[in-house]
Q: 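Following this message is one structure expressed as structure tokens.
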Amino acid sequence: MHSPSKEIFAKYTDPETFARIQDFETVTQMWERSRKEFASDVAIEDNGEKYTYAKLDQDMAAFRTVLREHTEGEQVRVGIYSPNCYDFVKAYMAVVTLGYTAVILPAQLPAPAVFGCCMKFGIRTLVYSPALADNLSVVAAQAPHVARIDITSGSDTATEAVACTGKTPCVIMFTGGTTGQSKGALLSNEAVMQGTVNGCYGYREVFRQRYLLVLPMSHVFGLIRNLMTSLYTGSSLYICRNNKDMFRDIAVFKPNILVVVPALVEMALALSGKFGRNMLGEDLKTIICGAAPVSPYLVTECARYGITLLPGYGLTESANLVSGNPESLTHTDSVGMLFPNQEYRIENGELWLKGRNMMTGYIGEDEDPYTDGWFRTGDLVRIDEDGYMYITGRIKELIILSNGENISPAVLEARFDELPFVAASQVFEDIAEGGQHILALEIVPREAGVAAIQAEDKHAYMMAELNRVNSEQQGHERVSRIEIRTSDFERTPSMKIVRYKKCN
């Protein structure tokens, strides 16, 4: 059992800044500090409007009044069904500073799923975006007891924030869990605050930064690392409403920190290579990258543009961040060192966690996600002598060969991903024409990497290199079929690759 200390991150910023990174028990306590210290600073910029911390605080107080008019009691669960926008921020912060629990419903949910979530999670009040009003038809017809509030509503009367404790439920977020089925993970106030403060470790400039929000706030990476850490640090957050406009918004807002998934970095680097300029902007200094494996190529390529890319690892169940890599150029394939106020152990290669950042449990599920107080992540890891962690695969993705050998696709994929022309890869179990089960590999080529190939027959060159890497693997790890795709893999809304289903 190990307990990391925050002091290991002290050297990555100056002593004064590090001293300002303090723990808060609740979101209300954190907000009390931010609204006073950063009152005149811009908190949110959205759709051409700028909202200061003072204005956001005023609008939160008015929306708390609206909530109180429709809701009674304690431990109330309020659904928030809206795309990224200023009103989402206002509503979410109003809910949790009132001592209620926010249930974040992804904007892409259809009407039957919205109704199902209301029933499963005990939502008594549903805050919705007018753009999604048509998707409330099933709720209106079958659950008239659920109060519905337009997210743009306000009031002339202010309602004060409510003092609660760190154990008070804060937010329920969708997660794939360790079984791959969508569940609702309940995070307490102290869990959310630990995830928020973890976002402050491992880089030099922390407070009063300029963030761009691209990730959906229905994803834990977008809500906690992007929104909450921004509000904690008195930073300005520009909301990009459409990912297609990301590079235009970067040029306008000039962020110095981005919180993104690897696929978006890959896209930015490809466009930078094509147009001969930095599509991420000259002001950008730091990229926090996670939610999917980060290729070492992205780390080294970003460095060419003067951008520090910091990979990390987290789970919805851990309020996002578990570890972060402040020295990515020397540990390019690591997800970094574990953050403080958590304990970890490794059992048969699997990472087990406990701590104030961990969820209370899954809502509406019979399973107990804890084993003797430990959360089993399902992730296979190793930790080197310097304390840096490396993900070596997921238990549920292990491929069991007919000879009993266990294959971790992630380990093999990482070896092929080292080739400069490989943007993404997937190793999976396939069935050959004769009916035997085999290992197969598909890769998505990186445009810039392919362009740099000098050989006349680029396809033949790539196949030769892939076969070379394949031949260097142990016999049971070698793939029997290799395919170079002409299109990307199917991806989830958070841009993770959707793995092929296992063969029966």
Q: Of the non-hydrogen atoms in Tyr297 and Leu269, which two are nearest, and what is the gap between them?
A: CE2-CD1, 4.3 Å
Q: Do we see a donor-acceptor contact under 3.5 Å between the side chains of Tyr211 and Asn256?
A: no
Q: Does a side-chain N-to-carboxylate-O contact under 4.0 Å join Lys11 and Glu327?
A: yes
Q: Taking the side chain as C-beta and beyond, is there a heavy-atom pair between Ile307 and Thr286 under 4.5 Å?
A: no
Q: Please check: side-chain N/O of Arg446 versus main-chain N/O of Pro420, any donor-acceptor pairing under 3.5 Å?
A: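 At least one qualifying donor-acceptor pair exists.
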Q: Please walk me through it: do Leu298 and Glu266 pass side chain to side chain contact (heavy atoms under 4.5 Å, CB included)?
A: CA-CA 7 Å; Leu298 300 181; Glu266 188 82 51; 3.6 Å; yes
Q: Do Leu212 and Met246 make a side-chain contact, defined as non-hydrogen atoms from C-beta onward lying under 4.5 Å apart?
A: yes
Q: Using the six-membered ring wherever Trp is involved, compare the ring planes of Phe253 and Tyr238 and label them parallel, tilted or perpendicular (cut-offs 30° and 60°).
A: tilted
Q: Is the backbone N or O of Asn226 less than 3.5 Å from a side-chain atom of Thr229, with the two atoms forming a donor-acceptor pair by type?
A: no
Q: Is it the case that more than 12 heavy atoms not belonging to Glu447 sit under 6.0 Å from its CD atom?
A: no
Q: Report yes if some heavy atom in the side chain of Ser218 is under 4.5 Å from a heavy atom in the side chain of Phe174; otherwise report no.
A: no
Q: Please name the pair of heavy atoms, one in Asp379 and one in Tyr313, separated by the smallest distance, quoted to 0.1 Å.
A: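 Taking every non-hydrogen atom into account, OD2-OH, 2.5 Å.
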Q: Walk me through it: do Ser425 and Asp417 pass the test side-chain hydrogen bond (donor to acceptor under 3.5 Å, both in side chains)?
A: CA-CA 7 Å; Ser425 64; Asp417 289 349; 2.7 Å; yes
Q: Looking at every non-hydrogen atom in both residues, tell me the closest pair between Gly378 and Glu350 and how far apart they are.
A: N-OE2, 2.9 Å
Q: Given side chains that start at C-beta, do those of Ile21 and Val197 come closer than 4.5 Å, heavy atoms only?
A: yes
Q: On a heavy-atom basis, which atom in Val220 and which in Ala319 lie closest, and how many Å separate them?
A: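 Looking at all heavy atoms of both residues, the closest pair is CG2-C, 4.0 Å.
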Q: State, without any angle test, whether Tyr500 and Glu429 hold a side-chain donor-acceptor pair at a distance under 3.5 Å.
A: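 Distance-only check fails for Tyr500 and Glu429.
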Q: Does Arg481 come within less than 4.0 Å of Glu483, counting only side-chain N to carboxylate O?
A: yes
Q: Take a 6.0 Å sphere around CD of Glu472 and say whether it holds more than 12 heavy atoms from other residues, nucleotides or ligands.
A: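 It does: Glu472 CD has more than 12 such atoms within range.
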Q: Under 3.5 Å, is there a donor-acceptor pair between the side chain of Asn467 and the main chain of Met463?
A: yes
Q: Report the C-alpha separation of Arg394 and Glu413 in whole Å, then their side-chain angles, then the decisive distance to 0.1 Å, and conclude whether the salt bridge (charged side-chain N to carboxylate O under 4.0 Å, His left out) test is met.
A: CA-CA 13 Å; Arg394 279 193 63 77; Glu413 290 159 2; over 6 Å; no
Q: Could you check whether any side-chain N or O of Lys354 sits under 3.5 Å from a backbone N or O of Gln342, counting only pairs where one atom can act as donor and the other as acceptor?
A: no
Q: Donor-acceptor check, side chain of Thr332 to backbone of Pro296, threshold 3.5 angstrom: yes or no?
A: no
Q: When rounded to the nearest 0.5 angstrom, what distance separates OH in Tyr203 from CD in Gln209?
A: 7.0 Å
Q: Going by heavy atoms in the side chains, are Leu439 and Asp430 under 4.5 Å from each other?
A: no
Q: For Tyr390 and Asp384, test the side chains for any donor-to-acceptor distance below 3.5 angstrom and give the result as yes or no.
A: yes
Q: Indicate yes or no: at least one non-hydrogen side-chain atom of Thr233 is less than 4.5 angstrom from one of Cys200.
A: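 Thr233 reaches Cys200 side chain to side chain.
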Q: Distance from Ile407 atom CD1 to Ile399 atom CD1, nearest 0.5 Å?
A: 7.5 Å
Q: Under 3.5 Å, is there a donor-acceptor pair linking the side chains of Arg277 and Tyr305?
A: no
Q: Would you compute the distance between atom CD1 of Ile104 and atom CG of Leu223 and round it to the nearest 0.5 angstrom?
A: 5.5 Å
Q: Output the distance between atom CD (Gln426) and atom CG (Leu412), rounded to the nearest 0.5 Å.
A: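 Between atom CD of Gln426 and atom CG of Leu412 there are 12.5 Å.
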Q: Let me see the working for Val78 and Ile123 under side chain to side chain contact (heavy atoms under 4.5 Å, CB included), right down to the final yes or no.
A: CA-CA 6 Å; Val78 179; Ile123 293 173; over 6 Å; no
Q: How far apart are the C-alpha atoms of Glu317 and Tyr362, what are their side-chain angles, what is the distance that settles it, and do they pass the side-chain hydrogen bond (donor to acceptor under 3.5 Å, both in side chains) test?
A: CA-CA 9 Å; Glu317 293 91 342; Tyr362 295 123; 2.5 Å; yes
Q: After noting the C-alpha distance and the side-chain angles of Arg485 and Glu442, does the key distance pass the salt bridge (charged side-chain N to carboxylate O under 4.0 Å, His left out) rule?
A: CA-CA 7 Å; Arg485 295 173 58 97; Glu442 292 184 6; 2.9 Å; yes
Q: Please report the interatomic distance OG1(Thr330) to CG(Asn325), rounded to the nearest 0.5 Å.
A: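 Answer rounded to 0.5 Å: 7.0 Å.
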Q: Please determine which of Val259, Asn198, Thr196 meets the side-chain contact (heavy atoms from CB on, under 4.5 Å) test together with Ile224.
A: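 The single option meeting the side-chain contact (heavy atoms from CB on, under 4.5 Å) with Ile224 is Thr196.
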Q: Using a 3.5 Å distance criterion without hydrogens, assess whether the side chain of Arg376 forms a donor-acceptor pair with backbone atoms of Trp352.
A: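 Judged by distance alone, no pair lies under 3.5 Å.
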Q: Could you tell me which non-hydrogen atom of Asn135 sits nearest to which non-hydrogen atom of Leu109, and how far apart they are?
A: ND2-O, 3.5 Å
Q: For Val322 and Phe339, run side chain to side chain contact (heavy atoms under 4.5 Å, CB included): C-alpha distance rounded to whole Å, both residues' side-chain angles, the deciding distance at 0.1 Å, then the answer.
A: CA-CA 6 Å; Val322 169; Phe339 289 120; 5.7 Å; no
Q: Identify the residue among Val299, Ile287, Thr300 that makes a side-chain contact (heavy atoms from CB on, under 4.5 Å) with Ser328.
A: Val299
Q: Measure from the side-chain N and O atoms of Thr392 to the backbone N and O of Leu380, and report whether any donor-acceptor pair falls under 3.5 Å.
A: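 Flag set: sc Thr392 to bb Leu380 pair under 3.5 Å.
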Q: Between the side chains of Gln454 and Tyr461, is a donor N or O closer than 3.5 angstrom to an acceptor N or O?
A: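 No, no side-chain donor-acceptor contact under 3.5 Å.
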Q: Would you confirm whether Arg345, through its side chain, and Leu351, through its main-chain N or O, come within 3.5 Å as a donor-acceptor pair?
A: no
Q: If you draw a 6.0 Å radius around CG in Asp134, do more than 12 non-hydrogen atoms from other residues or ligands fall strictly inside?
A: no
Q: Kindly give the heavy-atom pair with the smallest separation between Cys240 and Asp249, and that separation in Å.
A: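 Heavy atoms of Cys240 and Asp249 come nearest at SG-OD2, 3.3 Å.
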Q: More than 12 foreign heavy atoms under 6.0 Å from CD of Glu347: is that the case here?
A: yes
Q: When you measure from the side chain of Ser323 to the backbone N and O of Gly312, does any donor-acceptor pair fall under 3.5 Å?
A: no
Q: Classify the ring geometry between Phe221 and His219 as parallel (under 30°), tilted (30 to 60°) or perpendicular (over 60°).
A: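 Geometry flag for His219 against Phe221: perpendicular rings.
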Q: Are Arg241 and Asn84 side-chain neighbours, meaning at least one heavy-atom pair lies under 4.5 Å?
A: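 SC-SC contact between Arg241 and Asn84 ruled out.
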Q: What's the verdict on side chain to side chain contact (heavy atoms under 4.5 Å, CB included) for Val114 and Leu126, showing C-alpha distance, side-chain angles and the deciding distance?
A: CA-CA 10 Å; Val114 175; Leu126 183 60; 4.0 Å; yes
Q: Do Asn357 and Asn341 have side chains that approach each other closer than 4.5 Å (heavy atoms only, starting at C-beta)?
A: no
Q: Under 3.5 Å, is there a donor on one side chain and an acceptor on the other for Gln194 and Arg356?
A: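 A pair is found: one side chain offers a donor N or O, the other an acceptor, under 3.5 Å apart.
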Q: Tell me if a side-chain donor or acceptor on Ser334 pairs with a main-chain N or O of His331 at a distance below 3.5 Å.
A: no
